[in-house]
Amino acid sequence: GAGVSQSPRYKVAKRGQDVALRCDPISGHVSLFWYQQALGQGPEFLTYFQNEAQLDKSGLPSDRFFAERPEGSVSTLKIQRTQQEDSAVYLCASSQYTGTSGRTDTQYFGPGTRLTVL
Amino acid sequence: AQKVTQAQTEISVVEKEDVTLDCVYETRDTTYYLFWYKQPPSGELVFLIRRNSFDEQNEISGRYSWNFQKSTSSFNFTITASQVVDSAVYFCALSVEYGNKLVFGAGTILRVKS
């Protein structure tokens, strides 16, 4: 079946603009994650959804970052008033199931959105 | 807090050589999960393997093998008879049972030359 898809693949924004990044998870996957990957570094966790509930947003770097998943499927990461330090690749991942025991399932990643803020 | 260290920033080998990528992790949790992902130039993270903390059995998949040692908190990855297509950035990652999020190492760039 189809994997995780993200759009746009590339986004160039002028400093101060708002951007919205979309993630379509694998069909039926309950959990959805957003990560930020700066150039030459490993991905860093931003936020996590289980269905439509945002259960962890501890990694969001500032209140300019906002994520939603209103129907428990597609998710949007919004960055308001972009700054140059927001330039990075934003990765979305989904996993099939996280039960009440907190069992960790394998996360499958999309191709990412490369955001460049000028 | 959890931490993953990949001390090798970049490794260059000639095709057909064996290469081992090191990964050392830190966690106080007794139940945790370890992962390796490959990131080719296209940018997408490709899942390679997942291991549970209570299963130290080593695993082999084709040219890939993994050595998990709890005593040294290491989860090393060996590619046998490397090929040019193995060139990529490889990430080791850790997740604890109730945390779900992945904590990644900084990655190791592997360059395989023909």
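Just so it is clear: chains get the letters A, B, ... in the order the sequence lines come, proteins before strands, and each one is counted from 1.
Within a 6.0 Å sphere centred on CZ of A/Arg15, other residues, nucleotides and ligands contribute 12 heavy atoms or fewer. Other residues, nucleotides and ligands contribute at most 12 non-hydrogen atoms within 6.0 Å of the CD atom of B/Gln57. In B/Lys16, the NZ atom is not crowded: 12 or fewer heavy atoms of neighbouring residues, nucleotides or ligands sit closer than 6.0 Å. Within a 6.0 Å radius of CD in A/Glu68, more than 12 heavy atoms belonging to other residues, nucleotides or ligands are found. Within 6.0 Å of the CZ atom in A/Arg114, the count of heavy atoms belonging to other residues, nucleotides or ligands does not exceed 12. Within a 6.0 Å sphere centred on NZ of A/Lys57, other residues, nucleotides and ligands contribute 12 heavy atoms or fewer. The local environment of CD in A/Glu71 is sparse, with at most 12 non-hydrogen atoms from other residues, nucleotides or ligands closer than 6.0 Å. Annotation for B/Arg111: atom CZ does not count as buried by contact number, only 12 or fewer foreign heavy atoms lying within 6.0 Å.
Separation of atoms CZ (A/Phe45) and OG (B/Ser95) is listed at 10.0 Å; rounding is to 0.5 Å.
The contact between A/Ser58 and chain B is made entirely by side chain atoms (from C-beta outward), counting heavy-atom distances below 4.5 Å. For A/Leu55, no part sits under 4.5 Å from any heavy atom of chain B, backbone or side chain. Residue contact with chain A, scored on non-hydrogen atoms closer than 4.5 Å, is absent for B/Gln6. For chain A, no part of B/Tyr32 is nearby; none of its heavy atoms comes within less than 4.5 Å.
Although no hydrogens or angles enter the test, the distance criterion places no donor-acceptor pair under 3.5 Å between the side chain of A/Gln107 and the main chain of B/Lys101.
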Side chain to side chain contact (heavy atoms under 4.5 Å, CB included) between B/Leu102 and A/Phe109, intermediate numbers included
CA-CA 12 Å; B/Leu102 291 171; A/Phe109 284 78; 4.1 Å; yes
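Transitive grouping of hydrophobic side chains (ILVMFWY, heavy atoms separated by less than 4.5 Å) brings A/Ile26 and B/Phe47 into a common cluster. Hydrophobic clustering (ILVMFWY, side-chain heavy atoms < 4.5 Å, transitive): B/Tyr90 and B/Phe68 are in one cluster.
Summarising the geometry of A/Thr106 relative to B/Tyr37, their closest heavy-atom pair is CG2-OH, 4.2 Å, with the distance given to 0.1 Å. Residues B/Leu45 and A/Pro43 approach most closely at CD1-CG, 3.9 Å, considering heavy atoms.
Within residues 34-41 of chain A, the residues that have a heavy atom under 4.5 Å from a heavy atom of chain B are A/Tyr35, A/Gln37, A/Gly40, A/Gln41, listed by number.
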